[in-house]
Amino acid sequence: MEDNQPVSRIPSFIREAIAEDLKNGRFTYVRTRLPPEPNGYLHIGHCKAFLIDYFAAKEFGGELYLRFDDTNPAKEETEFVEAIQEDAAWLGIQWAKVTFASDYFDLLYAWAVRLVKMGLAYVDDQTQEEMSAARGTLPKGTKWSETAAALKPGVDSPYRDRAVEENLDLLERMKNGEFEEGSRVLRAKIDMQNPNILLRDPVMYRIMNVSHHRTGNKWHIYPMYDWSHGQNDSMEGITHSLCSNEYIIHRPLYEWFLEKLEAFPSRQIEFSRLNLTYAMMSKRKLRKLVETGVVRGWDDPRLTTLRGLRRRGVPPSAIIDFVTGLGETKNDSWVEMAQFEAVMRDHLNKIAERRMAVLNPLKLVIDNYPDDLVEEMEAINNPEDPSAGTRTVPFSRVLYIEQDDFRESPPPKYFRLFPGNEVRLRYAYLVKCTGVVKDDAGNVVEVHCTYDPDTRGGNTPDGRKVKSTIHWVAAQHALPVEVRLYDQLFTTERPDDGDLDAIINPDSLQVLTPCYVEPALLRATPGEHFQFERTGYFCVDPDSADGRLVFNRTVGLRDTWGKIEQTGKG
RNA sequence: UGGGGCAUGGUGCAACGGCAGCACACCAGACUUUGGAUCUGUGGAUCUUGGUUCGAGUCCAGGUGCCCCAGCCA
């Protein structure tokens, strides 16, 4: 039956394409590749491609290569090579081996020489401006919509019919560093009239006198994406080269090279990239946020970098379920952050132990409770998981409760503590509010109440009900901690668009201190997840030191009351 | 006045010529020692115009809208 079928983690159109290739014999195995350029940190947007590549290989019993696309030494650094591997491994992705585009520079050069000898590539001496004009298009930056007749036929380069011997000589000398940057390029000889601009004699090699993070100063020419990616795929025996829709127009070129070279016929298949509301994906803007100190670093919990999500406390399993659960197509789409948050809650609800923590403390005094008495109340660690067991929480005469849990003048539908009202203190007693103490400014600084000794544990022998149960921490046992609450970093749903400075939310970080938590959290370690009852999911930040705990809010609990109050309903 | 890709509730997907379904969000209710979780229920969609067909979200033709491309970036 259907319920015995494992749920696929990859888009059906890709799965079907792979299955078909295997069936008709185009390939006898499956091998995919992750091709990050080591020029920045991984973010949630990369995860989609990573997971599709990973699961595509896995579901077909194949393997995955992690290949760094390091063809532009001006942008790439070893630091990112390491960070990307660390983050991908944290996500749970496993690869058969790590390779680099630069591993193939020698072989790739030999392939270029072959194309030159076949008369399919030539050295062009035109300037960049001349080449751009001859391609039959307007200068960069011109909008297509503004230019009715934008695309004109291209004009062949005056160097297009150079003799093979001359091309070979010039290419060799380009490689040896005899020419200045920008003075010459190697181009494929395809078709200057082709309506697909990428086929109008694309550049294969450009001269760059830049040291490469792996090959040092060996090379003075570096391959372009189009003259590297497909070739590397082929050299590695990659069967399915899965990439985002923006590469659809590159596919004819991808296939042209492999056909002419009679190389292993890797197949490129495209899918839509992930767009997530409120998430910044632009590397340039992300870098600016970090460099200008708007955020604390690449691992700031407000960022949707993998490092940020990790520090914020999002479990990798939640990221995987969220991304693969989107069920992908080739549609351009925008996924709501709320959907991601729902998956976070779902995962955390099952694994996070419950603790009581008061974020905005207000003193509650139980007037009829003995001064010197301390009772240990039994509390359930996780109602979703009985195996998590129980713990005890100390209870005494003076407690802290949440400021939000008391109102001197309660609004409609407010069930919590207010003068004359009785509520349950979670796992402890029922208490009835008897009065308040105010400071000179009229602020409530202390709430007074009496407790019913017959309701120990929160039970009511007489069967009476209260409409609210609130959390608390005993003052004399309370552990003071710092809590960081995060909100959206941006005020617009699509932060990659528009002016960065204009969309920063100035209140995206709220640091609360001191907050009081129950003593059971004393030995909590960085990365550990908890649910603070009635508040949200939190994890211990690495900034925590002995005796000084710092918590990050991963995501809040669903807040029905907050909604009622905000919309004024009820 | 170029080429390519994509159009299903607010959002993301499913339905592979046969009763338009799921998740998130929203709304209502039940239950509750978390205003959490859980359960139940309501509302809401096939871009448009034609055509083929007993029957079209699906096939065909035209139109419209959005996205990608004119780097010696990837």
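The chains referred to below are lettered A, B, ... by the order of the sequence lines, with proteins before strands, and numbering in each begins at 1.
- The distance from atom CZ of A:Phe179 to atom P of B:C72 is 19 Å, rounded to the nearest whole Å.
- Rounded to the nearest Å, the gap between the C1' atom of B:G17 and that of B:G55 is 8 Å.
- Both distances falling under 3.5 Å, in either a Watson-Crick or a G-U wobble arrangement, place B:U38 opposite B:A30.
- In terms of position on RNA chain B, the residue among A:Glu336 and A:Ile470 whose nearest nucleotide sits closer to the 5' end is A:Glu336.
- Here A:Trp561 lies parallel enough and close enough to stack on the base of B:G35, with planes under 30° and ring centres under 5.5 Å apart.
- Listed pair A:Arg135 / B:C72 meets the phosphate criterion, a side-chain N or O lying under 4.0 Å from OP1 or OP2.
- Closest approach of A:Val431 to A:Cys449, counting heavy atoms only: CB-SG, 3.8 Å.
- Checking B:G2 for Watson-Crick or G-U wobble geometry (two distances, each under 3.5 Å) identifies B:C69 as its partner.
- For A:Leu348 and B:U34, the CG to C1' distance is 15 Å, given to the nearest whole Å.
- Between A:His250 and A:Tyr225, the distance from one ring center to the other falls under 6.0 angstrom.
- Atom P of nucleotide B:G71 and atom NZ of A:Lys75 are separated by 14 Å, given to the nearest angstrom.
- The aromatic rings of A:Phe322 and A:Phe340 sit parallel to each other, their planes meeting at less than 30°, with 60° as the upper class boundary.
- Residue contacts shown for A:Ser468 are absent, as no nucleic acid heavy atom lies under 4.0 Å away.
- Taking side-chain N and O atoms only, A:Thr535 has no distance below 4.0 Å to OP1 or OP2 of B:U34.
- Contacts of A:Phe340 with the nucleic acid, taken as non-hydrogen atoms under 4.0 Å apart, are absent.
- For A:Thr560 and B:G36, the shortest distance from a side-chain N or O to OP1 or OP2 is below 4.0 Å.
- When distances run from any side-chain atom of A:Glu246 to the nucleotides B:A25, B:A74, B:G12, the shortest one goes to B:A74.
- In this entry B:C22 has B:G12 as its Watson-Crick or G-U wobble partner, both defining distances falling under 3.5 Å.
- The nearest heavy atom of RNA chain B to A:Asp69 and to A:Pro383 marks one nucleotide each, and the one closer to the 5' end goes with A:Pro383.
- With both ends at atom P, the span from B:C68 to B:A25 equals 30 Å, rounded to whole Å.
- Counting atom types as modelled, A:Glu384 pairs a side-chain N or O with a base atom of B:G36 as donor and acceptor under 3.5 Å.
- For B:U64, the paired nucleotide is B:A7, the pair qualifying as Watson-Crick or G-U wobble because both relevant distances are below 3.5 Å.
- The interatomic distance linking A:Ile249 (CD1) with B:A70 (P) rounds to 7 Å, in whole Å.
- At the heavy-atom level, A:Glu341 lies nowhere under 4.0 Å from the strands shown.
- Using bins of under 30°, 30° to 60° and over 60° for the plane-to-plane angle, the ring pair A:Phe532/A:Phe551 lands in the perpendicular bin.
- The shortest non-hydrogen separation linking A:Gly136 to A:Arg200 is CA-NH2, 3.9 Å.
- Looking at A:Glu16, its side chain comes within 3.5 Å of the base of B:C16 through a donor and an acceptor atom.
- Contact annotation for A:Met224: backbone-only contact, meaning every heavy-atom pair under 4.0 Å involves sugar-phosphate atoms and none involves a base.
- A donor N or O paired with an acceptor N or O is not found under 3.5 Å between the base of B:G35 and the side-chain atoms of A:Arg558.
- With P as the reference atom, B:U8 and B:U48 are 11 Å apart, rounded to whole Å.
- With no hydrogens or angles considered, a side-chain donor-acceptor pair links A:Ser102 and A:Asp70 at under 3.5 Å.
- At a threshold of 4.0 angstrom between heavy atoms, the contacts of A:Gly458 include nucleobase atoms, whether or not backbone atoms are also involved.
- Distances shown here put a side-chain N or O of A:Arg206 below 4.0 Å from the OP1 or OP2 atom of B:C73.
- Within the 4.0 angstrom heavy-atom criterion, base atoms lie near A:Gln126.
- Using a 4.0 Å heavy-atom criterion, one finds that A:His471 contacts no nucleic acid atom at all.
- Across all strands, A:Arg424 comes closer than 4.0 Å to base atoms (heavy-atom distances).
- Using atom C1' as the reference point in both B:G10 and B:G5, the two lie 25 Å apart (nearest Å).
- If you measure from atom CG of A:Leu198 to atom C1' of B:A70, you get 9 Å, rounded to the nearest angstrom.
- Phosphate contact (OP1/OP2 of B:C13, side-chain N/O of A:Thr329, threshold under 4.0 Å): present.
- Contact annotation for A:Ile248: backbone-only contact, meaning every heavy-atom pair under 4.0 Å involves sugar-phosphate atoms and none involves a base.
- In this structure, A:Arg162 forms no cation-pi arrangement with A:Tyr122, as its terminal cationic atom is not both closer than 6.0 Å to the ring centre and no more than 45° off the ring axis.
- Within 4.0 Å (heavy atoms only), A:Val203 reaches sugar-phosphate atoms of the nucleic acid but no base atom.
- A close approach under 4.0 Å does not occur between any side-chain nitrogen or oxygen of A:Arg184 and OP1 or OP2 of B:C72.
- Following rounding to the nearest Å, A:Asp332 (CG) and B:C69 (P) show an atom-to-atom distance of 11 Å.
- Between A:Ile401 and A:His471, every side-chain heavy-atom pair lies at or beyond the 4.5 Å cut-off.
- Taking atom C1' on both B:U58 and B:C47, the two are 15 Å apart, rounded to the nearest angstrom.
- Comparing B:G18 with B:G57, their C1' atoms are spaced 13 Å from each other, to the whole Å.
- At B:A7, one or more side-chain N or O atoms of A:Asn331 fall inside 4.0 Å of OP1 or OP2 (strictly under the cut-off).
- One finds a side-chain N or O of A:Lys563 lying less than 4.0 angstrom from the OP1 or OP2 phosphate oxygen of B:C26.
- Taking the ring centre of A:Tyr451 as origin, the terminal cationic atom of A:Lys432 falls outside the region bounded by 6.0 Å and 45° from the ring axis.
- Using a 4.0 Å heavy-atom cutoff across all strands shown, A:Asn194 reaches no nucleic acid atom at all.
- Distance A:Phe271 CZ to B:C13 P: 13 Å, rounded to the nearest Å.
- Among the protein residues, A:Glu129 comes within range of no part of the nucleic acid, since none of its heavy atoms lies under 4.0 Å from any strand.
- Residue A:Tyr414 is in base contact, counting any heavy-atom pair closer than 4.0 Å across all strands shown.
- By the criterion of a centre-to-centre distance under 5.5 Å and near-parallel planes under 30°, the ring of A:Trp334 forms no stack with the base of B:G12.
- Nucleic acid contact class of A:Pro202 (heavy atoms, under 4.0 Å, all strands): none.
- Taking the six-membered ring where the residue is Trp, A:Phe100 and A:Phe68 present parallel rings, their angle staying beneath 30° rather than reaching 60°.
- Taking syn as a glycosidic angle within 90° of 0, B:G71 qualifies as syn.
- Across the C1' atoms, B:C6 and B:A23 are found 22 Å apart, a figure rounded to whole Å.
- B:G9 and B:A45 have their C1' atoms separated by 4 Å, given to the nearest Å.
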